[in-house]
Structure formats: C-alpha cells, structure tokens
Amino acid sequence: MTEILSSYVAGDWHTPNGKPDSARAVHDATNGQLLHHVSSAGVDFAAVDEYARGTGIPELQKLTFHQRGVILKKLGAYLMERAKDYHEISFTTGTTKRDGFVDIEGGIGTLFTYSGVARRQMPNSTVHLDGGVERLSKTGTFLGRHILTSRQGLAVQINAFNFPVWGMLEKFGPMFVAGIPVVVKPATDTAHLTRAVVADMIGSGLLPAGSIQLISGDVTPLFDYLAEQDAIAFTGSAATAKRLGGLECVRDRGTRFFAEADSLNFSLLGPDAGPGTEEFDLFVSGVVAEMTVKAGQKCTAIRRALVPEQHAEAVAEALVAKLSTQGVGNPREKSTRLGPVVSNRQRDDVLDAIDTITSAGAHVLTGGREASDELAKDLGGAYVAATVLQADDPWVDAVHDIEAFGPVASLITYSSTAEAVALAARGRGSLVGSVVTHDREFATEFVCQVAPWHGRILVLDRDDAEESTGHGSPLPTLIHGGPGRAGGGEELGGLRGVEHFMQRTAIQASPDMLTAIGGEWVAGAERHVGQHPFTKSLADLRLGDALESEWRTVSLEDISHFAEFTGDTFYAHTDEEAAAANPFFPGRVAHGYLIVSFAAGLFVQPDPGPVLANYGLEGLTFITPVSPGDSLKVTLTAKRITPRETDEYGEVRWDAAVVNQNDEPVANYDVLTLVAKE
Ligand code: NDP
C-alpha cells in the first residue's frame, strides 16, 4: 500500500488507518508514477480548533512583535539550510530547479522580510499604533488614536497547488507576526512538498506550540468551528473562492474571508516599442518567461498580450520563434525551461480551456492540443505545449474570461490608447498588469487609467529592465492581490500584510490613558522632569521622562554668523528689506537649522553616558518665525522606548518642542537616538 500523507494536529502527527475510500492519489507529474494518497480521515477537528485557541493563541501572543520577528529570522535560516531537500520533492510536481527557487527560496525569503517588518516597523510590544493622535477637544484632555491588537482567533490558509512553499510561507509570515495561529491546508497535488517544509518548521523547535498545524486532505469540518475572530485566507480558483465565500461561518458568523483567485493578467506593448527597440525584445521575453515559468501555472502569469495593431505580426513571429528555443522536458534537466503541468487532471483542464477559447473566436499560432498530445506521448508526463492564441477580434469574450492555467497566452490587438485601457480593464480586475514602453506620456496616461483594475503594475523599459524582478513576481514589500475577478483580497505589502490579521480599534481617552494604552507618550500627558533623561539607561528610562532647558536669546550676530559659517545666505536671514517684503516674515529671521542647532545645545548632556548615537530627526516643522532678540526654550520628552531583542541597546524617540518667550510654538520634531540597555 502506498503512503498516506500525514497531518500535524494538536501537537502530533496523524495518519489515517488504512486507505479511506475518499483518499486521493497523487502522481509524479514527470512520469505519472503513483507517489502517495492524501486524506484527512480521522483528524479530530475539535482538537485542531482547541489546540489553536487554547495553546496557539496564548503561546504566540505572549511574545512581542520583535520576539516573533527574531523567531522568523531563525526559522528562515533553518529552512534555507534544507532547501536542497525541498527541490528534490519539487521536481515531482513538474517544477524545474529555476522555478523551484521562486517557490522555495522565494517563500523562505518572505520570512526574512516579515522578520524585518516586525523588528523595524513595529514596537517591541503587543500593541501596534496606527497613525497619529487626533485632537478631539478644545483643551486637549480628550484625544483619539487607532491601535492594532491581535485578533483572538485562528487563520485557516487554503493554498493553491502551484506554490506549495511560497503560498504557505507568504501567508504564515504576516500571520505569525500578527500573533495568529495557523492551520495550513495545502492543495492535494503538491501537499507532500508543503508537508516536508511544515515538518521542518515543527522540527526546528523554534515555533511556540500551537502556532502551526497542517491538514493534508479535506479541511471542511473545521469550518464548523470558525467564528468572528477567525479568518480564512484562500488562493485558488474563482469557483472555489465563491463557494468558500458562501460558507456559513463567513456568511452568518463573521469569519473574515480573503480570496486571491485566478485573473487574466495583461502585458501591453506600447505604440512606441516597435521591432528593433529594446522594449520590443523585453516584451517578447516577458511573455515567453511568463508562459514557461512554472509551465504558466502562476496566478500572475500573462494571459493576455496586448499589442498595437501595427506591431502585431512582428510580435507573433518573435513569440513563436522564441518559444521554439525553450527546452521542454524533464524538470530535472538543466536545459529544461518548460516542464509538465502538475497533473493529468490539470492538463485536461488546460487543453479544454484552449479548445473553448479557440472555438469562441481565436486561432492557434503555436502549440495547442495536437502539439501537446505529441509531447505527452514522447515524454510520458503531464506536458502541455507552449500555446499562443491569436484573438480574431480583440473583444472576443473568451480571451478575457477563460483562464487556461498553463503555458498559454492570447495575443490581442489594440488600435488606440482608449481601446488599450478598455481591453486591459476587460479582465474585470487582475492581480498584475505590465506595460512595456519608453514613452512617459503614454505610460502615465495608460497606467493611471488601468490602475483601478489592478493590484500591481510593472512599467518596464530599457532603464529598469536590468534590475526588474519581472511581471510575475509578487514581492513581500508590495501588495499582492487584485480587485474583482482577482478575488478582491490583498496580501503582503510589508506591514499591511500583518495588519490584515489584526483588529484596528479607535481609542478615545485622556492623554495619560492614551500614553499607557498605546505605549507611546502623547502631548498633554504627564511629564517627569528631574534627572537629565540622557543620563538614564533603558533600564531606568520611563515614558514621559523629560528635560526643560534654560532659555537662550537669538541675536542678529548669531543669524549673520550662521549664514556665513554654513553658506546659507538666503535673503530672509541676511537682507532686512527683502525679508520684510515676504508675507511670512516680520524682517530678518533665524534659520530653521539654527533653531534646531541651538535646541540641541540646550538639551544635550555632554558627558559620556547611555545615549550612544543620534540617528535622525523626524517630522520637523517650523511654526513661528524667530526674530533677533527672541528667546528659545526646548522641552525634550521620552516618547517611545524600543529595546532591541538581540542588541545591548534600543531606540528612544524623544518629543522635542521648541517655544519662544511668548510660549508660542517655534519648532516640533522627534529626535531619534540609540540608548544602552544598562
Ligand atoms: P481549487 O480552487 O480547486 O483549489 C485551491 C485550494 O482549495 C486547494 O487547496 C483545494 O484543495 C482547496 N479546495 C477546493 N475545494 C474546496 C472546498 N470545497 N473546501 C475547502 N477547500 C477547497 O484550485 P486548483 O488548485 O484545483 O486549481 C484549479 C484552477 O484554479 C486552476 O486551473 C486555475 O485556473 C486556478 N488557480 C488559480 C490560482 C491563483 O493563484 N489565482 C492558483 C491555482 C489555481 P484540494 O487540492 O485538496 O482540492
């Protein structure tokens, strides 16, 4: 009997007894050999739910964002050491080594990115602040601010077959940082690769108990347990997205549902980019790459190649010629550019889609069913020939509606910018579009009009081609998702990806309450003036610890000296008459940078001490001009204190408020410093 893939449930591995009737067989995509069966029979879904809620949530949420970030970094390094093993398994799914990098190393890379997001963009606590303070009252005793806290639920990820590692990790990273335990349900055809990675994640011993579970096979019974604090994050077909969106837990119990479904992404050749231009070659290479990478089984692949009428023939010729040079065959061979699709079932779907599109009004330029049958016969696996279809009429519905999820793209012509915009939008919402042009005016007009239908747009030309990551690569720092047909969801996007799994709450309170709840001192809250705060290490420093400086009078000589010394002889500082003619100034005024420099002189504590470095200012605004004879005073207040997990120091953000002798605000800004822990 073949192996039945196990699931990781409530802290233990579970394998069904015997082979249940419902078990699905999985075959090697390259040669059709049976690999194993997949079934979740016998999984105790009540235990899955209880383990995630009873163990996963408390274990994960007792860690700060930074602690979670440190774990992700170690986990990424641990998995990277084992990447070779994953590539071996990946071959059985039809994936070439080159394409496996996108899935495996690319997936692990998202863990590093989210480690950075947690440690650099979030506080070392469990409450994240969103935006600034809103003043809600006249005297400032009643303020408002948004905070983000971890939801008290679990996230079920349901992933597509095409990226068994990336698809799981790009969701896991942000969910883990958000403090949400995860139940992973991989697609059956490639679940063995996901299982290998999850087994190592658990084996690493790095993850808090309950933070990840794996269901190999049907996950449906788990939906009965989901409610308002939980989420389902789905990637796959529009049909399944629709079905899951109608689940009782989503419809009636408030479970949040994120979908990333199929989309008919376009790439457009600009009218300027005729044969002989660099952009023409870039366009052809881009379409070919998107057809061959992962055998076109990418949610971001180019399905619709939009070309100006006058270049259509040249593009067709170039595409067919370039595709004929792409090695087709066993993904284990280095020369292979196009491997098989994941299964014979998927192959049937792709060939059926080609037939539907051609019978609706398109013809085959290269590839198609017959060529694919010949390939499969020769090579003995789930092979589909790279297929370019030419739409007989650009508005044939099928080329805009039917996604052939394999190495297939349709060539569609346009006659004007307005038509190009309308055709791109005809995808009814896509994950990504690309425009290949060196014409800025055209690019600006086109991009701004198609942006509302797309989650991401690549503008490719000779200037960025060398370093461009290409049409098809979602990046962890940029959002991945799209409106309408693409599912309407949004993933990744750096910090945004974490925020999706947290709850945003508007807190209305007094300044002292807001300081305590948010972990950041806000104007109007208590200040503690005493020992110079620059003499305190992180062990002693508290929010609100402050310094009120002495006064310093600014003289005309100071202003003239600063102008000469720095070379900043702008008339407002040097020419009384010209300055007075300026509606903003009463006459000659002090340089803004002079004010900041004097403020530093007023608040600094010169002796060696715990303050190690000043690494910047943020939010600097000059409010009231300073005339010769005015006096300045600065108040410096510890605003945010962020100890670093892996260093002997942390970051302290100080609120700096400079006022004049009339108590009018002169300048406000944050001073950023590094301060020793002890
Ligand atoms: P499906 O939508 O059928 O499957 C995607 C995931 O959903 C799989 O994990 C699948 O599990 C699971 N699933 C399916 N039905 C249910 C259900 N009723 N309840 C819970 N989970 C369910 O897509 P496929 O992977 O089969 O691919 C089919 C088509 O989807 C492709 O041809 C392509 O058009 C599109 N697709 C789009 C992708 C994208 O990223 N936009 C990615 C992959 C596919 P199981 O495998 O066990 O059935």
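Counting begins at 1 with the first residue of the sequence. Both counts, for ligands and for their atoms, begin at 1 and track the order of listing.
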J.: Is any NZ, NE, NH1 or NH2 atom of the basic residue among Arg426 and Asp401 found under 4.0 Å from an Asp or Glu carboxylate oxygen of the other?
T.: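 Judged by the 4.0 Å cut-off on N to carboxylate O distance, Arg426 and Asp401 do form a salt bridge.
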
J.: Measuring only between side-chain heavy atoms, which start at C-beta, is Gln346 closer than 4.5 Å to Asp189?
T.: no

J.: Could Asp352 and Arg369 be called an ion pair, given the rule that one side-chain N must be under 4.0 Å from one carboxylate O?
T.: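 Salt bridge present between Asp352 and Arg369.
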
J.: So which protein residues pack against ligand 1 under 4.0 Å, heavy atoms counted?
T.: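 Arg24, Ile158, Asn159, Ala160, Phe161, Asn162, Lys185, Pro186, Ala187, Thr188, Phe234, Thr235, Gly236, Ser237, Thr240, Arg243, Leu244, Glu260, Ala261, Asp262, Cys299, Arg345, Gln346, Glu403, Phe405.
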
J.: Between His454 and Phe266, how do the two ring planes meet: parallel, tilted or perpendicular, split at 30° and 60°?
T.: perpendicular

J.: Quiz question: by atom type and distance under 3.5 Å, do the side chains of Arg347 and Ser372 form a donor-acceptor pair?
T.: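 Distance-only check fails for Arg347 and Ser372.
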
J.: When you look at Arg456 and His480, which way does the side-chain hydrogen bond (donor to acceptor under 3.5 Å, both in side chains) test go after all the steps?
T.: CA-CA 7 Å; Arg456 176 166 64 83; His480 176 52; 5.5 Å; no

